[in-house]
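Inspection log for the structure reproduced underneath, given as structure tokens.
Indexing begins at 1, ligand by ligand and atom by atom, following the structure's order. Heavy atoms only: backbone and side chains are in, while hydrogens, waters and symmetry mates are out.
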Amino acid sequence: MKGFAMLGIGKVGWIEKEAPACGPLDALVKPLAVSPCTSDIHTVWEGAIGDRHDMILGHEAVGEVVEVGALVKDFKPGDKVIVPAITPDWGSLEAQAGYSMHSGGMLAGWKFSNFKDGVFGELFHVNEADANLAHLPEGVDMAAAVMLSDMVPTGFHGVELADVQFGDDVCVIGIGPVGLMAVAGAALRGAANLYAVGSRPNCVALAKEYGATEVLNYRDGDIVEQILERTHGKGVDRVVIAGGNAEDTFVQAIRMLKPGGRIGSVNYLGSGDYVRIPRVEWGCGMGHKVIASGLMPGGRLRMEKLAALLATGRVDPGKMLTHRFQGFEHMEEALLLMKDKPKDLIKPVVLI
Ligand SMILES: [Zn+2]
């Protein structure tokens, strides 16, 4: 079979590979719609997970089941499915402890284009199909549904980690696709004043559409000062980090947070050895300012619940799709868009 792969650090291209084998609990799926992700860029061009050779890329897909193992109960060939980026081993002790994303080791629930071939192949393998696949609901746009693989669950997980409650004042740092979904998630969770930090005009407009009450631009001055000004010096109850870096972003988040507040971070910290935390604003360690950070959970139950939010029109991640391609042959073009990040890009999708 053909697949679009990482050939080595900084190199991508089409390769031929043997089709994967299907175990008794597993499924083989052919992609119907896929989306490249910033993580693919980190993987290839920054060598984020180390050197990988001839590994098929991609972890965001909606597809059609082609084959299932003998023990799979709820899926059959021809079913249209949403494929979560994170596909844990549900029998692992980590999953039993509530941390399925770390099944088999830290971050090891992330298998596609990490430990095994990803979804940019003519076929791909899904472990534990009954637990990891989700049925695509009737009437849900396939391209929008691809955002359920990673963008929606990651953005929403930031909101869960920050534990946003009714009436909270919330700041979402970063309004790329994950941050935009964090804005939408915080609005669904009942945020009152919902500030978002970003500057790209199309993202700013969409952040407002998803529920941001105000979008703050770092070019208008220190973000922390802007938040403190609007909250009478008190700061916000919750901060969701969906962008930034290890050096500055946690400093800002701690400084703009009330004592007793929570930070939910889903940002991937790709460089540096340490995360900086400002000692005094952290209450000298006694401020009850909690930092919760993590990889989003996978799994069918969560995925089907999130898909229900699309089916009922509660959230429409399809608005983030600025670039649509028809045909597998456009894979490289779509991926390079994520690398080059033209001004009008939020998220591309490739329909196959
Ligand atoms: Zn992704």
Side-chain angles (χ1 to χ4, degrees), residues 3-6 12 29 31-49 52 55-63 81-88 100-101 107-121 124 126 132-134 142-159 174-182 184-185 203 240-243 265-270 293-299 302-303 306-307 310 317-318 320-323 325 331-332 334-341 345-350:
F4 190 74
M6 170 173 181
V12 293
V29 177
L32 298 174
V34 297
S35 182
C37 176
T38 310
S39 320
D40 295 309
I41 305 304
H42 293 312
T43 299
V44 177
W45 281 278
E46 290 160 28
I49 56 173
R52 298 283 198 279
M55 177 186 71
I56 296 175
L57 289 163
H59 54 263
E60 301 183 15
V62 165
V81 289
I82 307 156
V83 185
I86 306 302
T87 51
S100 59
M101 66 295 274
L107 310 181
W110 171 29
K111 295 178 168 33
F112 290 126
S113 66
N114 185 3
F115 300 124
K116 71 175 188 185
D117 283 323
V119 302
F120 298 166
F124 58 86
V126 179
N132 281 322
L133 287 176
M142 209 180 280
V146 180
M147 299 298 99
L148 286 164
S149 295
D150 186 356
M151 300 299 100
V152 178
T154 297
F156 280 26
H157 192 48
V159 175
I175 49 172
V178 168
L180 286 170
M181 287 299 96
C203 295
V240 179
I241 298 179
S265 175
V266 286
N267 197 23
Y268 168 81
L269 301 172
S293 69
L295 178 66
M296 63 106 154
R302 175 180 167 86
M303 188 53 65
L306 294 179
L310 269 67
M320 301 192 296
L321 300 172
T322 49
H323 295 67
F325 296 91
M331 221 33 263
E332 181 161 18
L335 181 73
L336 291 178
L337 268 181
M338 287 310 282
K339 179 169 177 274
D340 301 335
K341 295 222 155 76
L345 175 80
I346 300 181
K347 191 79 176 161
V349 67
V350 180

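Checked against the Zn ion (ligand 1), the N, O or S atom of Glu60 at the shortest distance is OE2.
Val349 places none of its side-chain heavy atoms less than 4.5 Å from the side chain of His323. Residues Met151 and Val146 fail the side-chain proximity criterion, which asks for heavy atoms closer than 4.5 Å. Using a 4.5 Å heavy-atom threshold, the side chains of Leu57 and Met331 count as separate. The shortest distance between side-chain heavy atoms of Pro348 and Pro36 falls below 4.5 Å.
The OD2 atom of Asp150 and the NE2 atom of His59 subtend an angle of 100° at the Zn ion (ligand 1), given to the nearest 10 degrees.
Contact annotation: Asp40 places no N, O or S atom under 2.8 Å from the Zn ion (ligand 1).
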